[in-house]
Number of protein chains: 2
Amino acid sequence: MSSNFSITEENYIKAIYHLQQATGSVTTNELSASLLTKPASVTDMLKKLKVKKLLHYEPYKVFYLTAEGKKIALNIIRRHRLWEFFLVEKLAFGWDEVHEVAEELEHVGSKKLVDKLDSYLDFPKFDPHGDPIPDVNGKMSIVQQVNLTELPLNKLAQVTMVGSQSTELLELLSHKDITIGTKLEVKKKFSFDKSVEVKVKNLAPVNISEQLAKVLFVKPV
Amino acid sequence: MSSNFSITEENYIKAIYHLQQATGSVTTNELSASLLTKPASVTDMLKKLKVKKLLHYEPYKVFYLTAEGKKIALNIIRRHRLWEFFLVEKLAFGWDEVHEVAEELEHVGSKKLVDKLDSYLDFPKFDPHGDPIPDVNGKMSIVQQVNLTELPLNKLAQVTMVGSQSTELLELLSHKDITIGTKLEVKKKFSFDKSVEVKVKNLAPVNISEQLAKVLFVKPV
DNA sequence: AATTTTTTTTAGATTTGTCTAAAAAATATT
DNA sequence: AATATTTTTTAGACAAATCTAAAAAAAATT
Ligand SMILES: [Mn+2]
Ligand SMILES: [Mn+2]
Ligand SMILES: [Mn+2]
Ligand SMILES: [Mn+2]
């Protein structure tokens, strides 16, 4: 039994979910920008999602998912992240290559497939980018994490999440020998360019630019 | 890079391929029956596939895929059967449960995904029903197989393919301890009901009805 | 060879998701 | 408070894939 919603509807639901994580609600323009469609198309879909009781929506107001809408969003995100995990762990994809493929796989709705995949992967809690994977009930692990720029000096911490999935970021992190899970300490902060000197394991310290630090999230250990 | 064709187009292409395996060409009515659509809808799509140079088609004539159309069909079939293999071998699906799921997964077109999946599965040559899996170049293994009803007495043979994917067949075969690969010999043929007595391994002989024998294909070893 | 039946195509309508252009509402600026 | 700008919605059109009903062509029957 595949999902009751079209691929298009699922993509809207997921996009609304992600956007409303920031402020609790979304605007037409934000959503149209995020989906690369025109605001007029968004309005059409909002009406449709309202009829299906997935969205709280009144004309000219901000909108947000109903409890049911959120449940469906979490299920799509579950599928997306499980497939990303599969692609990296089993098929040896790089984490910069998995998003587009997962964007398609996430729409295969068979519950049996998803739950068996979850079990096969040993119920992973985080995807290759460090984002939490909702479990079969939609529950996700919350990690008490901070941006690397906010980590105090000499406090041992572990990289938990990256804020970008670009090939360029992966290249840079590979070069610096940093992945999700890497333990590090900030040894020095330079006010001139806001770069930080970081010690990874027992290796020589490496310099991390402000731009890089901003996309690295860590959990003190 | 996903496939250039819509899911609908892919389903038509694949259906045409399977139907033309029998006689080399297909009719509008055959195709509409196989896809559960109306003949008028089929005609529309035939014109579209002709424009895309995937189909040899003239109004009121039988039609068949071009070389390009066949290539695309084989690629879809490759994806379908690789996913079926994955579902049975890795996710512990029964072979009666995989078809519908593969029907969706086959439309995820990423070449990298398919080739990596193939490699991960160790380049399987046959799917769980014994159907050959096209390789990356569209080549399939041909098995010299005959229907069980045509196997001579006392000739050792191996089950290579099943002609149905129903739960009922799987149940019956499991009960008789027969799967793809099982070695057996026909010991006796009964003309009254055309059933056959078959010896599997060193077990006591089992009786196989005419209906069952007709969906079992074997290769003499 | 003419007629009937079956098959296939055409014509026109419908649904989903998209767009552009214009109107309406909300927000910001003077 | 009036005006200008931005945001959102409406109106109408279009492409893809489907349908029903009718017309045309092919095949089968008499
Ligand atoms: Mn998607
Ligand atoms: Mn991810
Ligand atoms: Mn399909
Ligand atoms: Mn199969």
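Just so it is clear, the structure is predicted and the values come from calculations on it, not from any experiment. Per chain, numbering begins at 1; letters A, B, ... match sequence-line order. Just so you know, these numbers use all the heavy atoms, side chains as well, and skip hydrogens, waters and symmetry mates.
Using a 4.0 Å heavy-atom cutoff across all strands shown, A:P59 reaches sugar-phosphate atoms only and no base atom. Note on A:T43: a base of the nucleic acid sits closer than 4.0 angstrom, heavy atoms only. Heavy atoms of B:K47 sit under 4.0 angstrom from primed sugar atoms or phosphate atoms, though from no base atom. At the heavy-atom level, B:Y57 lies under 4.0 Å from the strands shown only through sugar-phosphate atoms.
For A:Y60 and C:dA23, the shortest distance from a side-chain N or O to OP1 or OP2 is not below 4.0 Å. Between D:dT18 and B:Y12, a contact under 4.0 Å exists linking OP1 or OP2 to a side-chain N or O. OP1 or OP2 of C:dT9 has at least one side-chain nitrogen or oxygen of B:T28 nearer than 4.0 Å.
Look at NZ on B:K61: it is 13 Å from C1' on C:dT8, rounded to the nearest Å. Separating the CE atom of A:M45 from the P atom of C:dT16 is a distance of 10 Å, rounded to the nearest angstrom. Whole-Å rounding puts the A:F5 CZ to C:dT16 C1' distance at 15 Å. Spacing between atom CD of A:E9 and atom P of C:dT16 amounts to 9 Å, rounded to whole angstrom units. Per the geometry, CZ belonging to A:F63 stands 10 Å off C1' belonging to D:dT8, to the nearest Å. Protein atom NZ of B:K50 is 14 Å distant from nucleotide atom C1' of C:dT9, rounded to whole Å. Straight-line distance from the CG atom of B:D44 to the P atom of C:dA11: 11 Å, rounded to whole Å. Separating the CG atom of A:L31 from the P atom of D:dT8 is a distance of 10 Å, rounded to the nearest angstrom.
Partner of B:E106 under the salt bridge (charged side-chain N to carboxylate O under 4.0 Å, His left out) criterion, out of B:R78, B:R79, B:K14: B:K14 alone.
You'll find that the side chain of B:T27 is closest to C:dT8, out of C:dT8, C:dA11, D:dT18. Distance from the side chain of A:N29 is smallest to D:dT8 among C:dT10, D:dT9, D:dT8. Between C:dT18, D:dC19, C:dT20, one nucleotide has an atom nearer to the side chain of B:S41 than all others, and that is D:dC19. If you check D:dT9, C:dT10, C:dC19 against the side chain of A:K38, the one that comes closest is C:dC19.
Residue A:F217 holds its CZ atom at 4.5 Å from CE of A:M161, rounded to the nearest 0.5 Å.
With 3.5 Å as the limit, one finds a donor-acceptor pair spanning the side chains of A:Q145 and A:T160.
In this structure, A:K125 fails the cation-pi test against A:F85, since its NZ or CZ atom is not both closer than 6.0 Å to the six-membered ring centre and inside 45 degrees of the ring normal.
In the displayed structure, B:E210 atom CD is contacted under 6.0 Å by more than 12 heavy atoms of other residues, nucleotides or ligands.
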